[in-house]
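Chain A is the first sequence line, chain B the second, and so forth, proteins listed ahead of strands; every chain is numbered from 1.
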Protein chains: 2
Amino acid sequence: MITKVVPELQRYFVPSENWIDEQVYVTGDDAHHVTRVMRLKTGNEIICNHPDGQAAICTITSMNADEVRAEIKEWMDTSNESPVSVTIVQALAKGDKFELVLQKGTELGASAFIPLKAERSVVVWDDKKAEKKMARYSKILKEASEQCHRNKIPQLHPAMAIKELMEQSQSFERKLFAYEEEAKTDAFQTFAQSVARFKPGDHVLIVIGPEGGFSENEANVMKQEGFAPVRLGPRILRTETAAMYALASISYHFEEMGCE
Amino acid sequence: MITKVVPELQRYFVPSENWIDEQVYVTGDDAHHVTRVMRLKTGNEIICNHPDGQAAICTITSMNADEVRAEIKEWMDTSNESPVSVTIVQALAKGDKFELVLQKGTELGASAFIPLKAERSVVVWDDKKAEKKMARYSKILKEASEQCHRNKIPQLHPAMAIKELMEQSQSFERKLFAYEEEAKTDAFQTFAQSVARFKPGDHVLIVIGPEGGFSENEANVMKQEGFAPVRLGPRILRTETAAMYALASISYHFEEMGCE
């Protein structure tokens, strides 16, 4: 629960090299945002977020069009980060669904995203456009993080196929995949049972399939690697809604019910 | 838990006047969908949903371009409807946010939607376009209901201001509004505490403010009428994300945790 009321100051994520002793240097687009969009002046306060997750209230001491210099006034002790670190693996899907997952997933507390080249993904990402695409996605993550008062910007990993995902998954304590086929049998473990086993600090991986679902091969590979199939409520969710359901439920469980 | 595996048949919501004895008449766009999009034939099966929430597996007995005639084979005993009836009151917001709330809210189990003309809503709905707009929204609700296997299409009410909403709210057992200002004090009741008090069959009203939040007047009026202010997780959600958080959490609580 938030007990200390913090004024609604604008937040900026500042790379670590721009923190020098008690000075913080806000540059580039963010400097433009401070001076031109927010029209702040010397003496005004902003919140600067360090990539390590800490945040400080800073007082602007000087500015020009390219750089805003601010002095750390006070480190903040509030954190809006989820006690459970959830990485959403989202199969590539049509249209702007991935962007919606990034934006809403950031608001709902995801700590990282991995685009999955699933066997039934009908879209294929063009490698030539990858750099441009990743730049746009990074911007969505940064803006959503600032807007919803995150302490950290979620990480975005490069797209990978199921084999590479299985290698990456070794470092996660909890691994789930949304698989309604399995959920129709009596053998499955409910999503709530899985969530109840999460411990604060756990790294959780949740894999969401494409519009056509996982292939049998993908489902088998995940099961062999210890991924638990779960259903996310009784209705059939669209691929981009599944991540939101999972993240909202985990937030509800740990941040509103206060289960630990 | 679903114990009976139902084949993935296409679903259609059929108005009550098209159910005559054991015959169901699928007409208009839906007939086109059966014959041209799904390319079904006589003898194939579809699921027909009655407006009362019941659904039947039906066998197609004849068809032409305008009408598909089917015979009831078997009434289904599964329901994907939430045990708690949640009405989302969504303040008018910019862009296509309301459409997103309708589509995702349907998947996440909402039973009705009320557009709210909030004091700080920056968009005003043009009454001349209201009919066209409502037709488009109804289509979104119907398609989302079919896609996610709802038994009932959520209701869409006409837009209203806070005063009319207070009159309408009399028939609801539980009334909440998302109000982060209140949530920063120690006096508020958590969202999870509120949800834990819901009983199956309850009618719940959840009011979500516009981008600029509720006015002080609106907040006071709701508090006087017995609405509980709640926060929806520690991060600042965009207006269109708030309804998703609330609905996913309620589904998780009642449909996955199985709390009653």
Task: Value rounded to 0.5 Å, distance of CG in A:D29 from OH in A:Y12 - done: 11.0 Å
TODO: For the pair A:F177 and A:F227, name the ring-plane relationship: parallel under 30°, tilted 30 to 60°, perpendicular over 60°.
DONE: perpendicular
Task: Largest heavy-atom contact set with chain A, pairs under 4.5 Å, which of B:Q147, B:R238, B:M244, B:R150 - done: B:R238
Open item on the list: Below 4.5 Å, heavy-atom pairs only: which of B:A192, B:G233, B:S79 has the largest tally toward chain A?
Closed with: B:A192
Open item on the list: Any salt bridge linking A:K94 with A:E211? Criterion: basic side-chain nitrogen under 4.0 Å from a carboxylate oxygen.
Closed with: no
Open item on the list: Sub-4.5 Å heavy-atom contacts with chain B: which residues of residues 99-113 of chain A show up?
Closed with: A:L100, A:Q103, A:K104, A:T106, A:E107, A:L108, A:G109
Open item on the list: Check A:E255 with B:R235, please: is the shortest side-chain N to carboxylate O separation under 4.0 Å?
Closed with: yes
Task: Short N-O contact, A:D30 and A:K142, less than 4.0 angstrom - done: yes
- [ ] Verify the neighbour count for atom CG of B:N220: are there more than 12 heavy atoms of other residues, nucleotides or ligands below 6.0 Å?
- [x] yes
Task: Residues, nucleotides or ligands: over 12 heavy atoms within 6.0 Å of B:K152 NZ - done: no
